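Only one structure is covered here, and it is reproduced in the block below.
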Amino acid sequence: MNLNQHSAHPDHDPFELSAFSRGLYIGGAWRPAAGEGRIEVIDPSTEAVIAAVPDATLADAAAAVEAAASAAESWRETPPRKRSEILRRCFELMVERSETIARLISLENGKALRDARGEVAYAAEFFRWNAEEAVRISGEFGLAPAGGNRIVVDYQPIGICVLITPWNFPAAMATRKIAPALAAGCTVILKPASETPLTAYALAALYEEAGVPPGVVNVMTTSTPGPVIAAMLADPRVRKLSFTGSTGVGRTLLAEAAKNVISCSMELGGNAPFIVFDDADIDAAIEGLMVAKMRNAGEACTAANRIYVQSGIHDAFAEKFTRRMAALRVGPGLDLDTECGPMITRKAMEKIERLVADAISRGARALCGGRTLAGRGFFYPPTVLVDVAPASDMGCEEIFGPVAPLYRFESEAEVIAAANDTEYGLAAYIYSRDIGRGMRVASKVEAGMIALNRGLVSDPAAPFGGVKQSGLGREGGQHHGIAEFMEAKYIATSF
C-alpha cells in the first residue's frame, strides 16, 4: 500500500495494510502465530477494520525469548561503534520514511497528521541520541579509601528485556525503549498495544533494513497480554521489564516481576497540573496550554489535566482559551485540516463522557463542547469546563481526551497543595513572569518533570519519568536511559 495516496475517507479493504501485518517478527523472520487467532485493527475515524495481525500465544512467547537469548551473546559482544552505526542508520531510515510512518500512525491511532509527524521526528531522535551514547559507556577505576585494593566497576548489558508500549505514541514509546536497550547491548521483545500494532511491525522491518541482527529485536502482538507476559517474565533469562501504561496495570506487572526479582522501569499514569499565576503572560500561557492539553487530542500521560488559574486573570484567561479551543477543527487524522482527531476507542470516548457528566452534575459549566459528536468515529469535541468541583472524578483520574477543566485559586500555597493532592507525579506546568516564583513552586510541586513557561516538556536528551504512583526509573537523558538497561559489576583487585 502507498500510504501517501491514502484518502482520509476510504472504504478500507481489510487486507490493504497486509505489508504491515504479515506476521509476528521473531528471530529476524515473519511468522504466523502458533494459534489461528487474529487481532483486528480499527480506524478510530471511521470504525472500519483496516487490518488484522497475529494473536501470539504462550508458544510464541517462548519462541521470542529463545530468539532473544540466541542473539544475546553476539549482540553483547558487538563493538559499541558498530552498534552505534546501526542505531544511526535506524534514525536515518526513520527520517527518510517519516511521512509514510506518520500516515500509518494517523490511520491506526486517529491522531492529527501534524501530531503524527511530530511523533515520528521525536521517535527518530531516540536512535540518533543513543547512537551517540552507545560509544560513551565507560567504567570506573579508583583506589579504595583504606588503600588495600583497587575498585574497578564495569557496566554490562542487563540481559533480555521485555518492553511493553501503549497505543497513544506507537512509534515514540517503542524507540524510547528499544534504542537505549540496543545501545547497551541488550536484546529485546516488544509487545505493542493491540490498538496500534501496525506501526511497531513497520518499524521492525526498518530495523532489519538498518542492519539490526536477527533476534535482537522481536515484536509480537497478543490479545492475552497477562498470561503471555507472565510466561516471559517466568523465564530466568529475562532480566528486565520496561512498561509504559496505566498505573493499575503497572502495579500488576510489578507484582508479576517480583516473583523472579526482575528489574523494572515503569512510566505510568499522570494527572498534570497546569498553574497560571496572575503575573503570567496570558497569551503565552494559552499557547503553552494548547500544546500541553491538545497534543495528540489530550491522549497523553503528560497532558495538562488540572488547569489552575489565579483569580485575578481567571475570567479573561477562560474567555481567550475557550475561543482557541472552540476554533479547533475536529476530523479524521489523515485529513490535512484536522487539528483534533478521534479518541482511540469507543470505550475511551465513553470514559470522557462519564467524567464530563460527573463534573456538570457537581456544578461545572461547559464553555464549549461537552457533548459527543454524532456520526461514525470516536469523536469528542474540544471542551472547556469552569466551576469544576475539586472532588469531581476528572480531578482524580486521567482524562485522556480534549477536555480542559479550569480551577480558580488565590495563593501560591493553595495551588501547591492542590497540585500535590494526587497519587500521581509525572509532569507539571507553571507560568509566571517571576522566575524566582516559578523555580520556587517547581521545587515544591511533586512531579518528575516540570515545564516552566513552556507547554512541552519531553526531550530525548532529558530524563523522562515520574514520582509517586507515576512510575519508577527514567527514560532518555544523558545517561539515565541507558543506565536502566545495564548492571554495574564491581571487581576488587590489588597490584
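Keep in mind the model is a prediction, meaning the values are calculated, not measured. Index from 1, following the sequence.
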Test side-chain contact (heavy atoms from CB on, under 4.5 Å) applied to Val120 and Tyr122, step by step:
CA-CA 5 Å; Val120 175; Tyr122 176 59; over 6 Å; no
d(Leu113 CG, Asp335 CG) to nearest 0.5 Å is 9.5 Å
May I ask you to test the Met232-Met220 pair for a side-chain heavy-atom distance under 4.5 Å?
yes
Taking atom CG of Leu182 and atom CD1 of Ile86, what is their separation to the nearest 0.5 Å?
8.0 Å
Asp55 and Ser223: side-chain donor and acceptor closer than 3.5 Å?
yes
Thr187 vs Cys161, side-chain contact (heavy atoms from CB on, under 4.5 Å): CA-CA, chis, key distance, verdict
CA-CA 6 Å; Thr187 57; Cys161 308; over 6 Å; no
Report the distance from atom CG of Leu93 to atom CG of Leu206, rounding to the nearest 0.5 Å.
4.5 Å
Taking the six-membered ring for Trp, are Phe127 and Phe91 closer than 6.0 Å centroid to centroid?
no
Could you verify whether a donor N or O on one side chain and an acceptor N or O on the other, from Glu195 and Thr345, lie under 3.5 Å apart?
no
Short side-chain to backbone donor-acceptor contact, Thr78 and Gly185, under 3.5 Å
no
Ring pair (Phe, Tyr, Trp, His ring centres under 6.0 Å) partners for Phe464, two or more places apart
none
Closest approach of Ala272 to Ala303 (non-hydrogen atoms, all atoms of both residues)
CB-O, 3.4 Å
Pair Lys240-Ser265, side-chain donor/acceptor within less than 3.5 Å
yes
Look at Glu125 together with Arg128 and state whether they make a salt bridge at an N to O cut-off of under 4.0 Å.
yes
Testing Glu484, Arg176, Lys177, Glu267 one by one against Ser242 for a side-chain hydrogen bond (donor to acceptor under 3.5 Å, both in side chains), which residue passes?
Lys177
For residues Glu108 and Pro197, report the shortest heavy-atom separation together with the two atoms involved.
OE1-N, 3.2 Å
Does Arg251 have more than 12 heavy atoms from other residues, nucleotides or ligands lying within 6.0 Å of its CZ?
yes
Heavy-atom count around Glu423 CD within 6.0 Å, excluding the residue itself: above 12?
yes
Salt bridge check, Arg89 against Glu85: does any charged N sit closer than 4.0 Å to a carboxylate O?
no
Give the minimum heavy-atom separation between Gly270 and Ser470, together with the two atoms involved.
CA-OG, 4.2 Å
Check for a donor-acceptor pair, side chain of Asp60 on one end and backbone N or O of Thr57 on the other, with a separation under 3.5 Å.
yes
Is the backbone of Gln469 close enough, under 3.5 Å, to the side chain of Thr247 for a donor and an acceptor to pair up by distance?
yes
Pi-cation contact, Phe169 with Lys111 (under 6.0 Å, within 45°)
yes
Backbone N/O of Lys468 and side chain of Glu446: donor-acceptor pair under 3.5 Å
no
Closer than 3.5 angstrom, by distance alone: can the side chain of Asn296 be matched with the main-chain N or O of Asn168 as a donor-acceptor pair?
yes
Below 4.5 Å, heavy atoms only, C-beta onward: do Val219 and Pro192 meet side chain to side chain?
yes
Side-chain contact test, heavy atoms from C-beta onward, threshold under 4.5 Å: evaluate it for Val403 versus Leu355 and give yes or no.
no
Picking from Leu241, Val162, Ile262, what satisfies side chain to side chain contact (heavy atoms under 4.5 Å, CB included) with Leu253?
Leu241
Any salt bridge linking Glu119 with Arg295? Criterion: basic side-chain nitrogen under 4.0 Å from a carboxylate oxygen.
no
Would you check if the side chain of Arg83 reaches a backbone N or O of Ala183 as a donor-acceptor pair within less than 3.5 Å?
yes
Looking only at heavy atoms, the pair that brings Leu426 and Gly465 closest together is CD1-C, 3.6 Å
Please examine the side chains of Met325 and Met290, heavy atoms only from C-beta on, and report whether any two atoms are closer than 4.5 Å.
yes
Would you check if the side chain of Asn271 reaches a backbone N or O of Gly395 as a donor-acceptor pair within less than 3.5 Å?
yes
Salt bridge check: are Glu92 and Arg97 linked by an N-O gap of less than 4.0 Å?
no
State whether a side-chain donor-acceptor pair under 3.5 Å links Glu398 with Tyr424.
no
Which distance, rounded to the nearest 0.5 Å, do you find between the CZ of Arg346 and the CD1 of Ile42?
11.0 Å
Salt-bridge present (Arg76, Glu73; N to O < 4.0 Å):
no
Is the ring centre of Tyr207 less than 6.0 Å from the ring centre of Tyr25?
no
Verdict with reasoning, Leu472 to Leu254, per side-chain contact (heavy atoms from CB on, under 4.5 Å):
CA-CA 10 Å; Leu472 302 168; Leu254 282 168; 3.9 Å; yes
Might you work through the side-chain contact (heavy atoms from CB on, under 4.5 Å) test for Thr165 and Thr244, ending with a clear yes or no?
CA-CA 5 Å; Thr165 54; Thr244 298; 5.6 Å; no
Would you please test Gln156 and Asp154 for side chain to side chain donor-acceptor pair (under 3.5 Å) and show each step?
CA-CA 6 Å; Gln156 300 181 339; Asp154 185 26; 3.2 Å; yes
Testing the basics here: between Asn218 and Ala67, what is the closest heavy-atom pair and its distance to 0.1 Å?
OD1-CB, 3.6 Å
Arg474 (side chain) donor-acceptor with Pro463 (main chain) under 3.5 angstrom
no
d(Asp393 CG, Lys351 NZ) to nearest 0.5 Å is 10.0 Å
For the atom pair CD1 (Ile137) and CD1 (Ile482), what is the distance rounded to the nearest 0.5 Å?
4.5 Å
Looking at Glu487 and Arg239, is there a salt bridge between them, counting it only when a charged N and a carboxylate O are closer than 4.0 Å?
no
Looking at every heavy atom in both Leu233 and Asn260, which two are closest together, and how far apart are they?
O-ND2, 3.3 Å
Expected output: side-chain Lys293 to main-chain Pro402 donor-acceptor under 3.5 Å
no
Could you verify whether a donor N or O on one side chain and an acceptor N or O on the other, from Tyr201 and Thr221, lie under 3.5 Å apart?
yes
Hey, does the side chain of Ser246 reach the backbone of Val249 with a donor-acceptor pair shorter than 3.5 angstrom?
yes
